[in-house]
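Notes follow the structure.
Remember, it's a predicted structure, so these values are computed and weren't measured experimentally. Naming: A, B, ... by sequence-line order, numbering from 1 per chain.
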There are 2 protein chains.
Amino acid sequence: MNPQQPSEGSGLNRDRADEVMKAKGLHALIATTPENIHYVIGSQLRASNWTMQIYAILPADPSARPCIVIPTNRLGVVAQFGITNVDIFAYSDFFVEGTIEGKPSTADIDLFYSLLQTTVVHQGAADALFAALKHLGIENQPIGIDEMRIAPDIMARVQSALPDGAVVPAYKLFRHIRLVKTPFEIERLRRAAEVNERIEQELIHLIAAGVHEKELADHYRIAVMRAGGTPAMTAVGAGPRSALPLIENYFHTIEQGDQIRFDLCMQLDGYWGDTGRTVVAGEPTPWMKKHFNAVKSGWETALEAVRPGVRASDVFHAAVSRVQQEGIPHYRRQHVGHAIGLELYDDLTISPGDQHILEPGMVLCVEVPYYELGAGGFQIEDTVVVTPDGYEFLTHMERKLFIK
Amino acid sequence: MNPQQPSEGSGLNRDRADEVMKAKGLHALIATTPENIHYVIGSQLRASNWTMQIYAILPADPSARPCIVIPTNRLGVVAQFGITNVDIFAYSDFFVEGTIEGKPSTADIDLFYSLLQTTVVHQGAADALFAALKHLGIENQPIGIDEMRIAPDIMARVQSALPDGAVVPAYKLFRHIRLVKTPFEIERLRRAAEVNERIEQELIHLIAAGVHEKELADHYRIAVMRAGGTPAMTAVGAGPRSALPLIENYFHTIEQGDQIRFDLCMQLDGYWGDTGRTVVAGEPTPWMKKHFNAVKSGWETALEAVRPGVRASDVFHAAVSRVQQEGIPHYRRQHVGHAIGLELYDDLTISPGDQHILEPGMVLCVEVPYYELGAGGFQIEDTVVVTPDGYEFLTHMERKLFIK
């Protein structure tokens, strides 16, 4: 139940990163959001507030090690997560006394102690960043900086220290690179999906008249924590509330005949799980059956379309038309799925405006939900990885209208 | 165990906000980080990734309501948290069908339905923001924008649409305003401190030879979740690992004679708790007693200095000198405490460089930890609110070297 596991390698797609840096003429990509930092070094390093700056530098030179810029007080965290594949550029004062020579210790203390002896401490985050660029021999070269989590005053200082136009925004470049997953990442996403599904199955078992939505949401969140994950949006909507899209508060006790819609999001070792199902407490009405079947048909049609070479928007149109034909003629939707990875929404949505062409290694949540206020809501959401021939499921629960 | 509770009012210090806007000639302050949004409207609205933009606008005109800029799919969340004290400027498509006339419903569905009928949907976040400024009649006036969580391309678009120099960075302005807490906020911080302490007391009860650090950390995190909070940095270090400052991974099983250092951070209804104690499993050695007493003396000296009119750096120097006199002559420290609120580190640290003058209503975590690798670590951390006469504790656990 750690917020993150020790570093076991990185999910970095080095080929795509190289391609991007070459195409843009960049000598490094600098990550600033926790997700992109995780991508570069294999571990998330979190800040304790918005003023604390943490960066990870991925050099274009394949023989150079990544660098991290951290406040000195994070050296112990680096040691605890066994991050040894990076050069460290620390900033700001932090005092730890003592020596471990001949004393009881642990591997992380040994590493921390050695980092304390060897790490040069710079005055501020920008100074540490400049030192890292100098160390890499690229202090006047074009670089990409993930613009989303660097403080704007530091970004301005970096821009003015480098030649005009040498700093380009890189958040979208990271998202582009991250869109095609490596085998390491697919395994992480598989684990997240499987843990999420196991807990969703537990929720289905708990459904009965008299159970409050909140009991189910609480069960989910604690089970995710126990499994080592971090729970996020927990849509558990019963009866009239099954028609609410995002659910973050709970007011309804399940009654016999209610339909219950789940859309459950969590993070495990940095990677997201996001799965959903619909359950009826008792006998489904003809209306429920008809609408569930329409939604399921659309979901099947979306998956039939998923294979390399297909445009995301074409998957969308196929799915929506099918739902309209199969019983919900007025069906509208802004997307029928999204890429998933280190962010819950990676850089592709299966939507009318998305021109991405599917490629092997993309991991997609496919969902064709329907929300009708005053009636009910339906969800099937599964995760698939695009393969050379089509797709492979990372989720395995039955795709049916569950009856309890 | 919700990630946030329904809106019950805001902790906003309106006087300080007015003062800041008047001094800077600003017609509004625009919050973009979850903490500052919470501060303006009384509820956190979270984004599902870095590209999703959410803002809250606090107008200088006291008769105008705050405005929020949200993606349309967050309307349901607004309804679930009962946020009715704002004007809403939504952007991007989102489809929900149906009518609730004569159907079973809940209060949040009723509000959601009415919002769906009445909310104008703009194309993007910048368009929605411009519409809000126009609605407030301040579309060409100077405004402050919290620069930390607005996408830089949108910030650039806003800057170019407004007269030169009309947009000023406001993250630090929000932090300045938030430094003096309102009674509402002090009650939230009191609850967070009390819940955190109650769980810390449970951890102390669980301490025994043979218990792994991770069991204690897991107990903490699940107990925080059950209490409705969100656990964060959970420093549980036993034996040699008590000397590690930030602890986020667990490797040691408690042995008889070990000292255990706790530094426990969590968030409850948006407000942080951060408390710490030191425990010995068995009989403390003379070394432990001596060092704990030195640290405790420094902590007492810090508190004796806490009262309105005193400079933060003076509290620091008094505490550090005292620890040096009382048994740790080489004692060094970068700070002996920090302001706490909607961020774990609000805008004051009790440190050599901090020139803030203490004022009634400031809430401070006072901590004088000592870390000696190869020997052990000590912590006492308590939360106090500065009062006209001195301070009042928000924490109540005994301040002693606990013995188990």
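If you measure heavy-atom distances from A:H330 to chain B, the contacts under 4.5 Å come from both the backbone and the side chain. Both the backbone and the side chain of B:T51 come within contact range of chain A, with heavy atoms under 4.5 Å apart. Neither the backbone nor the side chain of A:T234 has a heavy atom closer than 4.5 Å to any heavy atom of chain B. For B:P369, no part sits under 4.5 Å from any heavy atom of chain A, backbone or side chain. For chain B, no part of A:E101 is nearby; none of its heavy atoms comes within less than 4.5 Å. The contact between A:Y345 and chain B is made by backbone and side chain atoms together, counting heavy-atom distances below 4.5 Å. Residue contact with chain B, scored on non-hydrogen atoms closer than 4.5 Å, is absent for A:A375. Both the backbone and the side chain of A:E147 come within contact range of chain B, judged by heavy atoms closer than 4.5 Å. Neither the backbone nor the side chain of A:P169 comes within contact range of chain B; no heavy atoms are under 4.5 Å apart. If you measure heavy-atom distances from A:I247 to chain B, the contacts under 4.5 Å come from both the backbone and the side chain.
Remark: the A:T33 side chain and the A:N36 side chain contain an N/O donor-acceptor pair separated by less than 3.5 Å.
The closest side-chain heavy-atom distance from A:Q267 to A:Q44 is below 4.5 Å. A 4.5 Å side-chain heavy-atom check between B:R74 and B:S48 finds at least one atom pair inside the cut-off. You'll find the side chain of A:L216 stays beyond 4.5 Å of the side chain of A:H219, heavy atoms only. A 4.5 Å side-chain heavy-atom check between A:F94 and B:H335 finds every atom pair outside the cut-off. Between A:E97 and B:R332, some side-chain heavy-atom pair lies under the 4.5 Å cut-off. Side chains of B:C265 and B:D274 form a contact here, defined as non-hydrogen atoms less than 4.5 Å apart. Annotation: side chain of B:M266 is not in contact with side chain of B:W272 (no heavy-atom distance under 4.5 Å).
Relative orientation of the A:Y331 and A:Y370 rings is tilted, given thresholds of 30° and 60° on the angle between their planes.
With respect to chain B, the highest number of heavy-atom pairs below 4.5 Å among A:F112, A:W50, A:Y171, A:Y113 belongs to A:W50. When B:L75, B:I100, B:V96 are compared by the number of non-hydrogen pairs under 4.5 Å with chain A, B:V96 comes out ahead. For chain A, the option among B:I328, B:D153, B:D346, B:L244 with the highest count of heavy-atom pairs below 4.5 Å is B:L244. The most heavy-atom pairs under 4.5 Å with chain A, out of B:E35, B:M155, B:H252, B:M52, come from B:E35.
Not counting sequence neighbours, A:Y91 has no partner by the side chain to side chain donor-acceptor pair (under 3.5 Å) test. With sequence neighbours excluded, no residue forms a side chain to side chain donor-acceptor pair (under 3.5 Å) with B:S242.
For A:W287 and A:F378, the ring centers are positioned less than 6.0 Å apart.
Counting only residues at least two apart or on different chains, no salt bridge (charged side-chain N to carboxylate O under 4.0 Å, His left out) pair has a member in residues 227-240 of chain A.
For residues 103-111 of chain A, a heavy-atom distance under 4.5 Å to chain B picks out A:K103, A:P104, A:S105, A:T106, A:D108, A:I109, given by residue number.
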